[in-house]
Amino acid sequence: MTLRPSKRSQKAALIFMLPAAGLVLNGCAEKQVAAQVFSTPDECAAFYNPPEQCQAAFAEAEQLHPKVAPRYANKQECEADFGAGQCETAPEKHQQGSFFMPMMMGFMAGQMLNRGGLAPAAGQAANPQTAAASGRNSVPTQPLYKSRDDRNTFRTATNTAVASQPGTTNIRPSAVQPKPATLARRGGFGAQAAQRSVNRSYGG
Amino acid sequence: MKRQPIDPRPGWQDFAQSVGFSFHTIDNEPYWDESAYYQFSLQQIEQDLETPTEELHQMALDLIPDILASEQQLQQLAIPERFWDYIAASWRSGEPHLYGRMDFSYNGSGPAKLLELNYDTPTSLFETGFFQWVWLEDQLMRGQLPPGTDQFNSLQDKLEQAFAQLPLAQPFYFSSVTESTEDKGTVDYLMDIALQAGLNCRYIQLEQLGDIDGQLVDMDGFPINGLFKLYPWEFMLQEEFAGTILSSKTQWLEPSWKLLLSNKGILPLLWQKYQGHPNLLPAFFADNQPVEAGWVKKPLFSREGANVELVTASGQRLTEDGPYTDSGYIRQALAPLPKFGDSYTLIGSWVVGDSAAGICLREDNSLITKDSSRFLPHIIVD
């Protein structure tokens with residue numbers, strides 16, 4: 001008897017469609033980098049940092065703040081996440097009024113301010129693209145926020161918790177890369193499906 | 001080719017549910033039906049289905065340069081002029097394609113007749129590649145089928161190879177219409193295979209796709225450089241983000257040139273070029289007039305049998321309503337589906353990359369196969 005090759009798959013296994021099998025995705029071992037977190041430039045200076053570098057880092061974060069802070073269509077939605085009186089108007093307008101964003105509650109200085117003196121020139125990283133382009137291996141200087149239900153924790157604009165007290169903290173640079181606040185237009189695909197909803201599938 | 005009754009596996013519904021196949025029964029009507037199977041000989045599979053599938057696939061691909069060079073043909077296929085250059089560029093740059101399914105009328109002897117190409121958004125993939133495969137393994141294990149029984153179904157293996165080998169952008173996104181659990185099931189299955197092939201995959205609801213300055217973006221505003229969309233190209237070209245397609249740096253699965261082949265207008269174009277080919281039926285572009293006895297009328301764009309009209313040789317007229325009334329039509333000589341018991345049976349033949357990858361069978365109580373038709377497994381016994 002000769003064996004002929006099978007006409008069917010050698011296996012037909014599923015990984016993530018099976019509810020029992022938990023998926024463990026291991027990130028690459030990314031090196032942590034030291035950065036400093038403060039509420040104000042004065043607090044920064046009190047940690048033995050050069051006051052003018054503290055001021056420069058604060059100014060840089062402040063400039064980035066309106067570009068990266070999370071956006072909300074109205075004040076109520078913003079305050080639900082960040083607390084009463086903790087939101088301000090964002091630069092953009094929509095048809096019903098202004099967008100809102102949380103107030104900046106602190107800043108993260110990417111370089112060790114007092115050692116190496118590598119604070120970037122003011123404004124250099126103010127553009128999120130420039131900040132990201134400056135290297136995924138470093139921590140860009142940026143604004144920080146505090147959520148309504150957790151007033152101790154400093155968070156980035158994309159809601160990554162970075163520290164719960166002022167001073168030095170260790171973080172993975174990839175987790176804290178600033179990016180433009182999302183103001184994408186959405187819902188541009190799917191209208192035909194809604195119009196012709198007689199079939200239960202849009203394939204065939 | 002025979003239809004054979006068999007006992008369903010006890011408790012198969014619970015297993016189906018546990019692997020996300022929740023649509024095995026729809027509105028209390030069976031969709032997955034394992035109370036019978038179809039049996040083929042190896043020769044029927046290889047000579048009558050597998051070989052013609054690959055040949056027809058190549059014939060269809062060979063038509064594409066002709067169509068792109070002909071304004072008349074692009075107009076006959078109702079391709080919006082705004083996208084002609086875009087589609088031509090997608091073909092000329094060799095944008096990879098993943099899969100398709102052609103539907104045949106075949107009764108076990110004589111040449112299988114090509115009814116249409118589902119080359120943009122074919123579904124019933126999970127049922128074919130996974131659930132039908134497991135059914136065979138189970139029935140072999142239970143001794144309900146003789147040892148050595150096989151199945152024409154290399155779909156999952158070939159999809160995994162394709163995901164491992166195609167030059168795809170990463171992360172690669174997968175998208176479907178939110179309300180369709182069936183489409184989400186198909187996309188989940190593809191993502192599962194892609195994951196097994198080592199691809200970095202993410203899901204986004206079709207309606208949540210965003211546009212920033214003409215670039216397609218995900219929920220976080222990151223650019224989407226690669227996207228599988230279980231959504232027809234002809235819909236996308238009419239919607240608000242049609243312009244985004246032209247400006248966005250996004251690799252699509254299926255690529256936009258597949259729109260030329262998923263169009264029913266490919267059937268008259270195939271007939272023009274390969275008139276008399278044993279696997280082709282005479283087909284012509286048509287207007288919206290009633291058809292004569294022995295002919296079928298289909299819209300250029302239509303799915304699951306919608307808006308199809310046919311008249312049998314004896315003059316019996318069958319029509320199926322549907323939402324696809326806004327494009328042109330073709331007419332095709334009727335090759336009635338073979339009848340097994342009370343059911344009319346259609347064979348779907350899968351293509352992954354450029355290889356035939358297995359078959360699936362659908363039964364309906366009418367000559368027009370619809371989304372309510374039942375899916376039955378098959379075996380090969382020699």
Side-chain angles (χ1 to χ4, degrees), chain A residues 1-21 23-28 67-68 70-71 92 128-129 132 156-160 174-175 177-204, chain B residues 18-20 23 26 42 45 118 121-123 129-130 133-134 136 150-157 176-180 182-183 186 188-189 191-192 195-196 206-212 217 219-222 229-232 235-236 238-241 244 303-304 306 322-324 358 371 380:
Chain A
M1 185 179 135
T2 52
L3 276 176
R4 59 176 168 75
S6 166
K7 303 295 285 183
R8 69 184 189 277
S9 298
Q10 297 306 299
K11 69 170 171 80
L14 300 175
I15 308 175
F16 92 113
M17 290 183 81
L18 297 180
L23 248 194
V24 186
L25 292 175
N26 292 314
C28 313
K67 299 193 169 91
V68 301
R71 295 302 200 272
E92 306 86 4
Q129 272 86 30
T156 67
T158 52
N159 200 20
T160 300
S174 68
Q177 297 300 320
K179 58 193 184 199
T182 302
L183 288 169
R185 293 190 297 133
R186 297 199 187 269
F189 285 131
Q192 295 281 321
Q195 264 174 40
R196 308 186 194 228
S197 58
V198 273
N199 295 12
R200 56 168 212 269
S201 160
Y202 300 96
Chain B
S18 79
V19 292
F23 50 99
I26 297 160
L42 186 62
I45 291 290
N118 295 286
T121 60
T123 54
F130 182 75
W133 187 94
V134 172
L136 176 64
D150 203 358
Q151 191 173 73
F152 182 31
N153 185 10
S154 52
L155 194 54
Q156 182 160 340
D157 274 359
S176 64
V177 172
T178 310
E179 67 176 43
S180 174
E182 185 173 340
D183 288 356
T186 299
D188 279 347
Y189 181 52
M191 283 177 70
D192 202 307
L195 198 69
Q196 295 184 49
L206 184 91
E207 298 84 350
Q208 292 298 329
L209 290 166
D211 170 308
I212 295 180
V217 296
M219 291 303 289
D220 292 325
F222 282 117
K229 46 95 216 150
L230 191 55
Y231 196 62
F235 286 4
M236 292 167 55
Q238 293 179 47
E239 297 188 343
E240 188 192 334
F241 279 4
T244 310
R303 284 170 166 73
E304 308 273 19
Y324 300 96
D371 63 355
I380 307 172

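The basis for the numbers below is simple: all heavy atoms, side chains too, and nothing from hydrogens, waters or symmetry mates.
Look at B/Asp150 and A/Lys7 and you find no salt bridge, because none of the NZ, NE, NH1 or NH2 atoms lies under 4.0 Å from a carboxylate O.
A pairwise comparison of heavy atoms in B/Asp157 and A/Gln10 identifies OD2-N, 2.7 Å as the closest pair. For A/Ala13 against B/Asp192, the heavy-atom pair with the smallest separation is O-OD1, 4.4 Å. Taking both residues in full, the closest heavy atoms of A/Arg185 and B/Glu240 are given as NH1-OE2, 3.1 Å, listed atom of the first, atom of the second, then distance. The two residues A/Ala193 and B/Val177 come nearest to each other via the heavy atoms CB-CG2, 4.0 Å. Pairing each heavy atom of B/Gly129 with each of A/Ala12, the nearest pair is O-CB, 3.8 Å. Annotation for B/Gln238 and A/Gln192: closest pair OE1-NE2, 3.2 Å, computed over non-hydrogen atoms.
Residues that satisfy the side chain to side chain contact (heavy atoms under 4.5 Å, CB included) test with A/Ala175, not counting sequence neighbours, are A/Thr160, A/Arg172. Residues satisfying the salt bridge (charged side-chain N to carboxylate O under 4.0 Å, His left out) test with B/Asp188, not counting sequence neighbours, are B/Lys184.
Using modelled atom types, one side-chain atom of B/Glu239 and one backbone atom of A/Ala191 make a donor-acceptor pair closer than 3.5 Å. No donor-acceptor pair under 3.5 Å is formed between the side chain of B/Tyr231 and the backbone N or O of A/Phe189. A donor-acceptor distance shorter than 3.5 angstrom exists from the side chain of B/Trp133 to the backbone of A/Ser9, with no hydrogens or angles considered.
Only the side chain of B/Asn118 comes within contact range of chain A, judged by heavy atoms closer than 4.5 Å. Only the backbone of B/Leu155 comes within contact range of chain A, with at least one heavy atom under 4.5 Å from a heavy atom of that chain. Contact of B/Thr244 with chain A is made through the side chain alone, with heavy-atom distances under 4.5 Å.
Taken to the nearest 0.5 Å, the CZ atom of A/Arg8 stands 13.5 Å off from the CD atom of B/Gln156. The structure places CZ of A/Arg186 at 8.0 Å from CZ of B/Phe241, a figure rounded to the nearest 0.5 Å. For the atom pair A/Ile15 CD1 and B/Met191 CE, the distance stands at 11.5 Å (nearest 0.5 Å).
Among the candidates B/Asp211, B/Leu136, B/Thr121, B/Leu209, the residue making the largest number of heavy-atom pairs closer than 4.5 Å to chain A is B/Asp211.
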